[in-house]
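Just so it is clear, the structure is predicted and the values come from calculations on it, not from any experiment. No hydrogens, no waters, no symmetry mates; every other heavy atom, side chains included, goes into these values.
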Amino acid sequence: MLISVTVFAAILALSSATRFKECGSANGKVKSVTVTPCSEFPCILHRGTTASVAIEFVSNVNSKTLTGSVHGILGGFPIPFPIPQTDGCQSGVACPITAGSSHIYKASIPVHKLYPSVKVIVKWELQGDNGENIACINLPVEIMD
């Protein structure tokens with residue numbers, strides 16, 4: 001549970017036109033990522049705040065659904081982190097998605113005070129009907145007081 005909390009906090013640490021690494025968007029292309037607040041890298045996330053992420057992407061496939069999935073990469077191991085809203089169609093994306101269409105996925109996550117101080121890579125995936133990645137990003141994050 002502590003690791004899940006750490007991953008969740010790390011996910012929230014992101015802002016402004018954020019530097020990210022694409023990690024397997026085989027069925028789409030990530031155009032930009034904005035995390036608020038984030039002014040340096042790794043993104044600094046302060047406990048007791050809320051972070052917001054916006055992922056602009058273009059889909060290469062048709063999909064009736066879009067599902068968000070988040071993992072924290074700690075020591076090379078992906079640790080799943082539950083996010084408040086996994087349905088991307090409820091997170092700013094108009095579904096169904098058509099090939100060639102551009103979308104902006106948005107999420108806000110509270111950074112709880114009980115999260116430990118840690119540096120982590122946050123892997124955020126947006127998946128279509130068959131679990132294929134339409135968008136996948138890795139973001140460097142550090143959780144602090």
Spacing of [X] atom [atom1] and [Y] atom [atom2] [to the nearest 0.5 Å]:
X: Gln85; Y: Thr67; atom1: CD; atom2: OG1; value: 10.0 Å
X: Lys113; Y: Arg47; atom1: NZ; atom2: CZ; value: 9.0 Å
X: Lys21; Y: Leu139; atom1: NZ; atom2: CG; value: 12.0 Å
X: Ser91; Y: Leu66; atom1: OG; atom2: CG; value: 8.0 Å
X: Leu126; Y: Ser25; atom1: CG; atom2: OG; value: 8.5 Å
X: Lys31; Y: Ile55; atom1: NZ; atom2: CD1; value: 14.0 Å

Using modelled atom types and a 3.5 Å cut-off, is there a donor and acceptor pairing between side-chain atoms of His71 and backbone atoms of Ile79? no
Between the main-chain N or O of Ala26 and the side-chain N or O of Glu132, is there a donor-acceptor pair closer than 3.5 Å?
no
Looking only at heavy atoms, the pair that brings Val30 and Glu22 closest together is N-OE2, 3.2 Å
Quiz item: Passes side-chain contact (heavy atoms from CB on, under 4.5 Å), Cys136 versus Lys123? Steps please.
Solution: CA-CA 7 Å; Cys136 180; Lys123 181 177 184 178; 3.6 Å; yes
Side-chain contact, heavy-atom cut-off 4.5 Å: [X] with [Y]?
X: Phe20; Y: Trp124; value: no
X: Leu74; Y: Val118; value: yes
X: Ile143; Y: Ser117; value: no
X: Lys119; Y: Pro140; value: no

Side-chain heavy atoms nearer than 4.5 Å, only ILVMFWY residues, links allowed to pass through others: does that put Ile83 and Val93 together? yes
What side-chain donor-acceptor pairs closer than 3.5 Å can you find for residues 56-65, not counting sequence neighbours?
unit_1	atom_1	unit_2	atom_2	d
Glu56	OE1	Ser32	OG	3.2
Ser59	OG	Val61	N	3.1
Ser59	OG	Val61	O	2.6
Asn62	OD1	Ala99	N	2.8
Ser63	OG	Thr65	N	3.4
Ser63	OG	Thr65	O	2.6
Ser63	OG	Asp129	N	2.9
Ser63	OG	Asp129	OD1	3.1
Thr65	OG1	Asp129	OD1	2.7

